[in-house]
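Computed over heavy atoms, backbone and side chain alike; hydrogens, waters and symmetry mates excluded.
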Amino acid sequence: MSYAVFGGLTPVILTLWLQHDTMAPAHYVAVLAGLGFVLALWPLAARGHAMRDGIGSATMAR
């Protein structure tokens, strides 16, 4: 489903965006990469993973 949505909307969005910004494709990729990174870490944060305590602290507490 996501391939259909993003694959279908990407040409339209970039065509409109290119009228205002010549770096639109690079910005589009950067925004989607940032969104993917945030969405990848979201489940860890929701479970209360101890990311801020440093590497290995979650395994040492067990």
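A single hydrophobic cluster is not seen to contain both L32 and Y3; linkage of ILVMFWY side chains at heavy-atom distances under 4.5 Å, directly or through other members, places them apart. Hydrophobic clustering of Ile, Leu, Val, Met, Phe, Trp and Tyr side chains at less than 4.5 Å, counting indirect connections, unites W17 with V5. I13 is not connected to V29 by any chain of hydrophobic side-chain contacts under 4.5 Å among Ile, Leu, Val, Met, Phe, Trp and Tyr, and they are in different clusters. Under the 4.5 Å side-chain heavy-atom criterion for Ile, Leu, Val, Met, Phe, Trp and Tyr, L44 and F37 are members of the same hydrophobic cluster.
Separating the CG atom in L14 from the CG atom in L9 is a distance of 10.5 Å, to the nearest 0.5 Å. In this structure, T22 OG1 and H27 NE2 are separated by 8.5 Å, a value rounded to the nearest 0.5 Å.
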Using the rule given for side-chain contact (heavy atoms from CB on, under 4.5 Å), can you reason through Y28 versus V31, listing the C-alpha separation, both sets of side-chain angles and the distance that settles it, and then say yes or no? CA-CA 5 Å; Y28 182 78; V31 166; 6.0 Å; no
